[in-house]
Amino acid sequence: VPMDLTKANLPQTAETLVHEHAPVLRAAAEAMAESLSAGTQLNANPALAEALREAFLAENAAASDAAEQRCLALRKAFVVEVCKAFAGVPECAALAACWEFDPSPEKVRLELRGTAGRTLRGAFTVGRAPECDVQAFGDCTVLPLQCIVVSLPGGIVVVDFWSGGGTHVTWRRPSGELASPVSSPAQHIALTVEHGERVVISIGSRTTITIGPKDRWWATSRRTAAAAALKADIVAKAKVAAMDAPRARSRSRSSGKSTSMGSLFSDERSRSSSRCHSPAQMQTAA
């Protein structure tokens, strides 16, 4: 067997796979940063979208331990490229703050069609293909690779290079606030989600994904936030009262001195009037 064919049949190592797809990952990360900063459409480069899809759907992580390691390495490399690209753009720099210590410190909780959620970290794929980390089977309107979710130090980015606006937010509940529907039209740009925020994203005619903590956790966090706000209000009022106390005592002492002097003058006038009798009183006395 020729040596070149033998090498071609050998499985790729994780390092080789990452090195091979590094230019595609870097170009995709730069396109995401440009989309968030300038509103550029993600589907403007079909060749990049196709190369990125081939990279993430190359193999199934469940096929073997080696395949799982390669898929994990590819996703970690993509997170690093996204952090590098975002750090160089002022509008996106907050999302990649302090990424050198940990590019993806926060885990992401995701629910598919409102069912029991699962927790993932780093970058993960969502689509109909079995190679996706979150498989949305049973809905032909969902693409084989619909979107990629990337967890960063300063937030979560959902990127869709393929559907042309099919991935869009339908419900958003910021941390500590009530939920509200989102009626804005779908756009072909990257979506951002804050850590702690709960967002419902449509990825097909019958399929949604929900990113964020579950309802019970959110309700508990809201009660905790309300209690903290009440405590802060009480502390602020106590500080104001403590600052006003010396002034009140000073006003009280000043009022007391004025009252004492007024009483003294009143007593003196009473004594003077008692010593000065009227003529009628003097005749009576005689």
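None of the values given here were measured: they were computed from a predicted structure.
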Is there a side-chain contact (heavy atoms from CB on, under 4.5 Å) between L120 and R118 once you walk through the steps? CA-CA 7 Å; L120 302 101; R118 53 184 297 194; 3.8 Å; yes
CE on M32 to CG on L191, rounded to 0.5 Å: 10.0 Å
Suppose the criterion is salt bridge (charged side-chain N to carboxylate O under 4.0 Å, His left out): which pairs have a residue in residues 14-35, not counting sequence neighbours? R26-E81
Quick one: does D139's side chain have a donor or acceptor within less than 3.5 Å of a partner on R206's backbone? yes
Applying the 4.5 Å side-chain criterion to the ILVMFWY set and letting contacts propagate, would V193 and I209 be lumped into a single cluster? yes
If you round to the nearest 0.5 Å, how far is OG of S37 from CZ of F86? 9.0 Å
Distance, nearest 0.5 Å, that separates SG of C71 from CD of E131: 9.0 Å
S35 side, atom OG; L42 side, atom CG - distance, nearest 0.5 Å: 4.0 Å
Show your reasoning for whether side-chain contact (heavy atoms from CB on, under 4.5 Å) applies to V169 and V200. CA-CA 6 Å; V169 176; V200 178; over 6 Å; no
Check for a donor-acceptor pair, side chain of T207 on one end and backbone N or O of I203 on the other, with a separation under 3.5 Å. no
Say whether, by atom type as modelled, one donor and one acceptor occur between the side chain of W99 and the main chain of L152 under 3.5 angstrom. no
What are the two closest non-hydrogen atoms of R75 and D133, and how far apart are they? NE-OD2, 2.9 Å
Nearest non-hydrogen partners of A87 and A93, listed with the distance: O-CB, 4.2 Å
Shortest non-hydrogen contact between C83 and A96, atoms and distance: O-CB, 3.6 Å
State whether E111 and R113 are salt-bridged, where the test is any N-O pair (Lys NZ or Arg NE/NH1/NH2 against Asp/Glu carboxylate O) under 4.0 Å. no
Given side chains that start at C-beta, do those of R109 and R198 come closer than 4.5 Å, heavy atoms only? yes
Is the backbone N or O of V108 less than 3.5 Å from a side-chain atom of T119, with the two atoms forming a donor-acceptor pair by type? no
So, Q146 versus T167: side-chain donor-acceptor pair below 3.5 Å or not? yes
Is it true that V149 and V142 fall in one hydrophobic cluster, defined by side-chain heavy atoms closer than 4.5 Å? yes
Which residue in the set R173, R172, E194 passes side chain to side chain contact (heavy atoms under 4.5 Å, CB included) when paired with V199? R172
Any non-hydrogen side-chain atom of V159 less than 4.5 Å from a side-chain atom of C147? no
Which heavy atom of G166 sits nearest a heavy atom of D160, and at what distance? N-OD2, 4.3 Å
Report yes or no: does N60 contribute a side-chain atom to a donor-acceptor pair with the main-chain N or O of P130 at less than 3.5 Å? yes
Drop me the distance from F124's CZ to C132's SG, to the nearest 0.5 angstrom. 11.5 Å
In terms of side-chain geometry, is the basic nitrogen of R70 or E59 positioned less than 4.0 Å from the acidic oxygen of its partner? yes
Which atom of A73 lies closest to which atom of V18, heavy atoms considered: O-CG2, 3.7 Å
Donor-acceptor contact below 3.5 Å, side chain R121 vs main chain S104: yes
Using a 4.5 Å cut-off on heavy atoms from C-beta on, say whether the side chain of I156 contacts that of V150. no
Determine whether V24 and V157 fall in the same hydrophobic cluster, where Ile, Leu, Val, Met, Phe, Trp and Tyr are linked whenever their side-chain heavy atoms lie under 4.5 Å apart. yes
Quick one: are F56 and L25 in side-chain contact, heavy atoms under 4.5 Å? yes
Shared ILVMFWY cluster between L48 and L74, side chains joined below 4.5 angstrom? yes
Check T208 against S202 and note the closest heavy-atom contact, atom names and distance. CG2-CA, 4.1 Å
If two hydrophobic side chains count as joined below 4.5 Å and joins carry through other members, does L57 share a cluster with W162? yes
Under the side-chain contact (heavy atoms from CB on, under 4.5 Å) criterion, do E68 and D65 qualify, and how do the steps go? CA-CA 5 Å; E68 181 181 6; D65 292 340; 4.2 Å; yes
Does T210 use its side chain to pair, donor to acceptor, with the backbone of G114 at less than 3.5 Å? no
Can I148 and F78 be said to form a side-chain contact (heavy atoms from CB on, under 4.5 Å), step by step? CA-CA 10 Å; I148 302 176; F78 186 54; 4.0 Å; yes
Roughly how far apart are F161 CZ and L143 CG, rounded to 0.5 Å? 14.0 Å
Below 4.5 Å, heavy atoms only, C-beta onward: do T13 and L17 meet side chain to side chain? no
